[in-house]
Engineer: 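My structure is below; once you've seen it, I'll send some questions.
Please read these numbers as outputs of a predicted model, since none were measured by experiment.
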Amino acid sequence: MPAHRPPSPRPRARTALAAALLTAVSLTLSLSTAHAASTPTRGSAHMGIGVLAHDGQDGTPSTGDATQTEGVDVSAYQGNVAWSTLWSSGVKWAYTKATEGTYYTNPYFTQQYNGSYNIGMIRGAYHFATPDTTSGATQANYFADHGGGWSRDGKTLPGVLDIEWNPYGAACYGKSAGAMVSWIADFLKTYKARTGRDAVIYTATNWWTQCTGNYGGFASANPLWIARYASGVGTLPAGWSYYTMWQYTSSGPTVGDHDKFNGALDRVQALANG
């Protein structure tokens with residue numbers, strides 16, 4: 001008696017199965033490609049790169065406040081900056097990105113850093129921190145060696161530690177709150193040993209709360225530069241009762257990133273003088 005074999009799948013069923021598998025593979029590849037495309041190139045980060053995505057924007061501050069002094073922050077993506085235009089518009093101070101991690105220096109640093117100085121602005125440099133790549137001390141030394149120094153010339157502001165959402169991966173760079181606080185302390189201690197100045201801390205309250213556990217121990221020594229694109233600064237991180245600088249927009253005139261110094265020009269000069 002001939003053996004009975006189970007019927008083979010119908011051609012239409014096989015076709016449907018193959019189509020479903022191809023769709024799944026295509027979707028997986030598309031998601032991987034989209035993720036790769038949305039992750040910026042190492043070195044391209046800048047102040048506030050994650051603010052809009054995480055905190056959004058809710059208005060702008062009122063203009064013409066005599067107790068605040070307008071400033072800007074720039075990095076390589078702005079290229080050669082029209083400093084005379086900014087000066088004419090009332091901008092009196094500026095920060096330029098000098099370094100990131102221990103693998104990047106800003107190719108426009110000379111034009112941006114010296115250009116702001118030459119037009120008459122009080123200027124300084126900032127470092128974009130990547131706590132997942134090297135230690136705080138190593139990055140502070142790299143910063144100090146590549147534009148992040150300080151001199152008592154009345155025109156140079158102390159260096160800034162830009163510590164915010166990780167544009168290349170996990171928001172807190174894979175660190176616990178305690179480990180992040182230790183990394184920041186390592187950077188700040190080394191920077192002061194190299195330059196004699198306490199670095200300014202640039203951050204956003206939401207990131208600081210998430211990634212340091214809202215640690216308040218740096219407020220007594222390190223000025224706060226808060227990032228918030230709104231009509232007011234909102235709640236500040238623990239320990240700080242006031243801000244020194246406020247990045248209030250990424251869509252201001254000429255360069256995009258505009259800031260307010262919490263005080264008249266003589267207070268900017270006082271910070272420069274130490």
Engineer: Hey, does the side chain of Asp186 reach the backbone of Lys189 with a donor-acceptor pair shorter than 3.5 angstrom?
Structural biologist: no
Engineer: Please give me the minimum heavy-atom distance between Leu188 and Ala199, naming the atom from each residue.
Structural biologist: CD2-CB, 3.9 Å
Engineer: Checking Ser44 against Thr41: is there a side-chain donor and acceptor pair closer than 3.5 Å?
Structural biologist: no
Engineer: Can you list everything that forms a side chain to side chain contact (heavy atoms under 4.5 Å, CB included) with Pro223? Sequence neighbours excluded, please.
Structural biologist: Val200, Thr244, Leu271
Engineer: Carefully, step by step, assess Asp55 and Tyr229 under the rule side chain to side chain contact (heavy atoms under 4.5 Å, CB included).
Structural biologist: CA-CA 8 Å; Asp55 280 353; Tyr229 302 164; over 6 Å; no
Engineer: Grab the two heavy atoms, one from Tyr173 and one from Pro167, that are nearest each other, plus how far apart they are.
Structural biologist: OH-CD, 4.1 Å
Engineer: Are the side chain of His258 and the backbone N or O of Pro253 linked by a donor-acceptor pair below 3.5 Å?
Structural biologist: yes
Engineer: Check for me, please, whether Val268 and Trp246 land in the same ILVMFWY cluster - side-chain distances under 4.5 Å, paths through other members count.
Structural biologist: yes
Engineer: Please write out which residues are connected to Tyr117 in a hydrophobic cluster, directly or through intermediates, given that two of Ile, Leu, Val, Met, Phe, Trp, Tyr count as joined at side-chain heavy-atom separations below 4.5 angstrom.
Structural biologist: none
Engineer: Enumerate the salt bridge (charged side-chain N to carboxylate O under 4.0 Å, His left out) contacts for residues 166-185, please, sequence neighbours excluded, ordered by first and then second residue.
Structural biologist: none
Engineer: Between Pro61 and Tyr248, what is the shortest heavy-atom contact and its length?
Structural biologist: CD-CD1, 3.3 Å
Engineer: Going from CH2 on Trp183 to CG on Asp132, what distance comes out if it is rounded to the nearest 0.5 angstrom?
Structural biologist: 9.5 Å
Engineer: Return the CG to NZ distance between Asn222 and Lys192, rounded to the nearest 0.5 Å.
Structural biologist: 8.5 Å
Engineer: Once rounded to the nearest 0.5 Å, what's the spacing between atom OG1 of Thr130 and atom CD of Glu100?
Structural biologist: 6.0 Å
Engineer: Nearest 0.5 Å please: distance from the CG atom of Asp73 over to the OH atom of Tyr95.
Structural biologist: 10.5 Å
Engineer: Can you find a heavy atom in the side chain of Arg194 that is under 4.5 Å from one in the side chain of Phe143?
Structural biologist: no
Engineer: Check the hydrophobic clustering (I, L, V, M, F, W, Y; side-chain heavy atoms under 4.5 Å; chains of links allowed) and say if Tyr77 and Tyr168 are grouped together.
Structural biologist: no
Engineer: May I ask you to test the Trp240-Ile226 pair for a side-chain heavy-atom distance under 4.5 Å?
Structural biologist: no
Engineer: Among all residues two or more places apart in sequence or in another chain, which pass the side chain to side chain contact (heavy atoms under 4.5 Å, CB included) test with Arg152?
Structural biologist: Trp150
Engineer: Would you say the ring centroid of His46 lies under 6.0 angstrom from that of Phe128?
Structural biologist: no
Engineer: If only side-chain N and O atoms count, and only distance matters, is there a donor-acceptor pair under 3.5 Å linking Asn106 with Gln112?
Structural biologist: yes
Engineer: If you take the centroid of each ring, where Trp contributes its six-membered ring, are Phe187 and His127 closer together than 6.0 Å?
Structural biologist: yes
Engineer: Using a 6.0 Å distance limit plus a 45 degree cone around the ring axis, check whether Arg123 lies over the aromatic ring of Tyr113.
Structural biologist: yes
Engineer: Count the heavy atoms belonging to other residues, nucleotides or ligands that lie under 6.0 Å from OH of Tyr108, then report whether that count exceeds 12.
Structural biologist: no
Engineer: Where is the tightest heavy-atom contact between Ala272 and Ile122, given as atom of each residue plus distance?
Structural biologist: CB-CG2, 3.9 Å
Engineer: Rounded to the nearest 0.5 Å, how far apart are CG of Asp266 and OG1 of Thr69?
Structural biologist: 8.0 Å
Engineer: Sequence neighbours left out, what passes ring pair (Phe, Tyr, Trp, His ring centres under 6.0 Å) with Phe218? Give chain and number order.
Structural biologist: Tyr215
Engineer: Are Glu70 and Ser89 packed together at the side-chain level, in the sense that at least one heavy-atom pair is separated by less than 4.5 angstrom?
Structural biologist: no
Engineer: Would Ile49 end up clustered with Leu52 when hydrophobic side chains under 4.5 Å apart are linked, directly or stepwise?
Structural biologist: yes
Engineer: Membership question, hydrophobic clusters at under 4.5 Å side-chain separation (ILVMFWY): are Leu157 and Tyr243 in the same one?
Structural biologist: yes
Engineer: Return yes when atom NZ of Lys155 has more than 12 non-hydrogen atoms of other residues, nucleotides or ligands closer than 6.0 Å, and no otherwise.
Structural biologist: yes
Engineer: Should Cys172 and Gln210 count as side-chain neighbours, where that means a heavy-atom distance under 4.5 Å?
Structural biologist: yes
Engineer: To the nearest 0.5 Å, how far apart are OG1 in Thr212 and CD1 in Ile163?
Structural biologist: 9.5 Å
Engineer: A side-chain contact here means heavy atoms from C-beta on lying under 4.5 Å apart; do Thr96 and Phe109 qualify?
Structural biologist: yes
Engineer: So, for Trp225 and Gln247, which heavy atoms are closest and what is the spacing to 0.1 Å?
Structural biologist: NE1-N, 3.4 Å
Engineer: Is the OH atom of Tyr103 crowded by more than 12 outside heavy atoms at less than 6.0 Å?
Structural biologist: yes
Engineer: Residues sharing Met121's hydrophobic cluster, by side-chain heavy-atom contacts under 4.5 Å among ILVMFWY, directly or via others?
Structural biologist: Val72, Val74, Val81, Trp83, Leu86, Trp87, Val91, Ile119, Val255
Engineer: Same cluster for Val181 and Tyr202 if Ile/Leu/Val/Met/Phe/Trp/Tyr side chains link at under 4.5 Å?
Structural biologist: yes
Engineer: Step by step, would you call Gln139 with Thr134 a side chain to side chain donor-acceptor pair (under 3.5 Å)?
Structural biologist: CA-CA 7 Å; Gln139 292 193 31; Thr134 47; 3.1 Å; yes
Engineer: With heavy-atom distances below 4.5 Å as the criterion, would you say the side chains of Ile184 and Met180 are in contact?
Structural biologist: yes
Engineer: Are Met47 and Ser250 close enough, and set up right, to give a side chain to side chain contact (heavy atoms under 4.5 Å, CB included), and what steps lead you there?
Structural biologist: CA-CA 9 Å; Met47 274 187 172; Ser250 61; over 6 Å; no
Engineer: Verify side chain to side chain contact (heavy atoms under 4.5 Å, CB included) between Gln57 and Val51, making sure each step is shown before the conclusion.
Structural biologist: CA-CA 8 Å; Gln57 182 164 343; Val51 173; over 6 Å; no
Engineer: What pair of heavy atoms forms the shortest contact from Met245 to Phe261, and how long is it?
Structural biologist: CG-CD1, 3.5 Å
Engineer: Do the non-hydrogen side-chain atoms of Trp207 and His54 ever get within less than 4.5 Å of each other?
Structural biologist: no
Engineer: Could you check whether any side-chain heavy atom of Trp165 comes within less than 4.5 Å of a side-chain heavy atom of Asn206, counting everything from C-beta outward?
Structural biologist: yes
